[in-house]
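Here's the structure, in structure tokens; my notes come after.
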Amino acid sequence: MAAQPKPVQLRLPVPLKRTFFERNPQRVARELLGKVLVRQSRGLLLAARIVEVEAYLGVKDPAAHAAVGRTPRNSVLFGPPGYAYVYFIYGNHYCLNVSCEREGKAGCVLFRALEPLIGLEEMAQARGVVVHGPGDLPRLTSGPGRLSDAFGITRSRDNGCDLTSPDSALWIGHDGFRSSAILVTPRIGITKAAKEPLRYVLAGNAFVSGRKTLPRFAQPRSARTKN
DNA sequence: ATATCGATTATCT
DNA sequence: GATAATCGATATG
């Protein structure tokens, strides 16, 4: 009996409209879960599902870069919605955000983790890691610095990029995915406004960042008896 | 001109 | 759980 070909259920992502981003960051963050981030450049194609984001509320939010007012670094945040704000942090890492709210108002959403869909090998190469099994996959795109690394995102290449245009080297699309349960928690890695529930994750997704899913150090304290 | 500080990650215990 | 690494942006003198 010939095997039935498995029906292809890959829907090509359709770019999100600018009006999607022209709303408050909480709303955009929540609805961004399950959408697809696409990288297209020089024959490279990468795609990954958005599974963890954080909302930053603009000038009134002490944890937001916009809190200091408009500067050369954060000016994208004060521009129109749907554009990439990329910043460099801790001397090592880039982080990707998308601007929200109408022009002149500075909300944004930070991308914290993705689930790889297309181009896993290229992501591993960009990250400089070897994937031995499924357990290694989160190392590709779990964490804001890692996902930027996997996608080759830098400030010089991508800051100010229009994320609503499929002609951009980086854009966001919708492929019909319906997200199920969404978890809301405090944001990670900040000291100001550290308790506000503004982090949104797809519940139970293996690619969400944080110690819960990637501890890797449950070693018993062996023979540390003397010194 | 110089000091401070991160929306992080890897690595060690 | 703790800490070093690393550098651009920003604030201050």
Side-chain angles (χ1 to χ4, degrees), chain A residues 24-26 28-30 32-33 37 50-78 83-101 106-114 123-124 126-132 135-160 184-201 207-227:
Chain A
N24 70 61
Q26 297 98 314
V28 175
R30 182 180 285 271
L32 226 30
L33 292 176
L37 181 68
I50 300 164
V51 302
E52 175 184 355
V53 292
E54 282 175 0
Y56 286 84
L57 306 187
V59 293
K60 322 177 309 292
D61 179 358
H65 288 183
V68 296
R70 187 174 195 153
T71 68
R73 177 206 200 195
N74 67 19
S75 67
V76 171
L77 296 178
F78 293 82
Y83 289 83
Y85 168 51
V86 180
Y87 64 87
F88 185 63
I89 189 72
Y90 294 122
N92 284 315
H93 310 289
Y94 291 96
C95 294
L96 173 67
N97 303 252
V98 58
S99 60
C100 303
E101 305 276 18
C108 69
V109 172
L110 168 70
F111 293 75
R112 288 199 55 92
L114 309 172
M123 294 183 202
R127 288 269 301 122
V129 303
V130 180
V131 176
H132 290 104
D136 292 334
L137 290 178
R139 300 224 90 99
L140 298 181
T141 51
S142 185
R146 290 178 182 151
L147 73 86
S148 297
D149 213 8
F151 271 63
I153 292 167
T154 67
R155 182 169 168 90
S156 59
R157 284 183 70 187
D158 300 302
N159 190 55
V184 185
T185 80
R187 295 175 291 188
I188 290 182
I190 56 172
T191 55
K192 303 164 198 162
K195 308 191 103 162
E196 301 302 315
L198 292 171
R199 172 175 175 255
Y200 300 78
V201 309
F207 292 85
V208 168
S209 77
R211 312 258 158 118
K212 278 276 171 44
T213 47
L214 306 159
R216 275 309 57 107
F217 282 118
Q219 303 289 342
R221 168 157 295 252
S222 55
R224 178 75 202 125
T225 48
K226 56 184 277 196
N227 55 356

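Below, chains carry the letters A, B, ... as their sequence lines are ordered, and counting in each starts from 1.
In the interface, the side chain of A:Y87 is not paired with the base of C:dA9 through any donor and acceptor atom under 3.5 Å apart.
B:dA7 has its base stacked against the ring of A:Y56, the centroids being under 5.5 angstrom apart at an interplanar angle below 30°.
Of the two residues contacting DNA chain C, namely A:I89 and A:N74, the nearest-nucleotide position lying further toward the 5' end is that of A:I89. Each of A:K192 and A:L147 was matched to the nucleotide of DNA chain B holding its nearest heavy atom; the match closer to the 5' end belongs to A:K192.
In this structure, the OH atom of A:Y94 is 15 Å from the C1' atom of B:dT9, given to the nearest Å. Rounding to whole angstrom units, NE2 of residue A:H93 and P of C:dG8 are separated by 14 Å. Rounded to an integer number of Å, the gap from A:H65 NE2 to C:dA11 P is 13 Å. Across the protein-nucleic acid pair, A:N92 atom CG and C:dA9 atom P stand 15 Å apart, rounded to whole Å. What separates OH of A:Y90 from C1' of C:dT3 is a distance of 13 Å, to the nearest Å. Between the CG atom of A:L140 and the P atom of B:dA10 there is a distance of 11 Å, rounded to whole Å. Computed from coordinates, the A:N97 CG to B:dT8 P distance equals 11 Å when rounded to whole Å. Taking atom CD1 of residue A:I188 and atom P of nucleotide B:dG6, one finds them 17 Å apart after rounding to whole Å.
For A:F88, whose side chain is taken as the heavy atoms from C-beta onward, the closest listed nucleotide among B:dA7, C:dG8, B:dG6 is C:dG8. In the set C:dC7, B:dG6, B:dT8, B:dT8 carries the atom at the smallest distance from any side-chain atom of A:P144. Here C:dT10 is the nucleotide among B:dA7, B:dA10, C:dT10 with the atom lying nearest to any side-chain atom of A:R73.
Pair assignment for B:dA3 gives C:dT10, based on Watson-Crick or G-U wobble hydrogen-bonding distances that are each under 3.5 Å.
Residue A:R199 is out of contact with every strand shown, counting any heavy-atom pair closer than 4.0 Å. If you check every strand for non-hydrogen atoms under 4.0 Å, A:R187 touches nothing.
The closest donor-acceptor contact from the side chain of A:S99 to the backbone of A:Y83 lies under 3.5 Å.
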**OP:** Please lay out, stage by stage, how A:L198 and A:Y56 fare under the test side-chain contact (heavy atoms from CB on, under 4.5 Å).
**Re:** CA-CA 8 Å; A:L198 292 171; A:Y56 286 84; over 6 Å; no

Original post:
How far apart are the C-alpha atoms of A:Y200 and A:L32, what are their side-chain angles, what is the distance that settles it, and do they pass the side-chain contact (heavy atoms from CB on, under 4.5 Å) test?
Top reply: CA-CA 9 Å; A:Y200 300 78; A:L32 226 30; over 6 Å; no

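OP1 or OP2 of B:dA10 sits under 4.0 Å from a side-chain N or O of A:R146. For A:R70 and C:dA9, the shortest distance from a side-chain N or O to OP1 or OP2 is not below 4.0 Å. Using a 4.0 Å cut-off, some side-chain N or O of A:R112 falls inside it from OP1 or OP2 of B:dT8.
Electrostatic pairing of A:R127 and A:D136 does not count as a salt bridge here, judged by no charged N lying under 4.0 Å from a carboxylate O. A salt bridge does not link A:E196 with A:R187: none of the charged nitrogens is closer than 4.0 Å to a carboxylate oxygen.
Using bins of under 30°, 30° to 60° and over 60° for the plane-to-plane angle, the ring pair A:Y94/A:F88 lands in the tilted bin.
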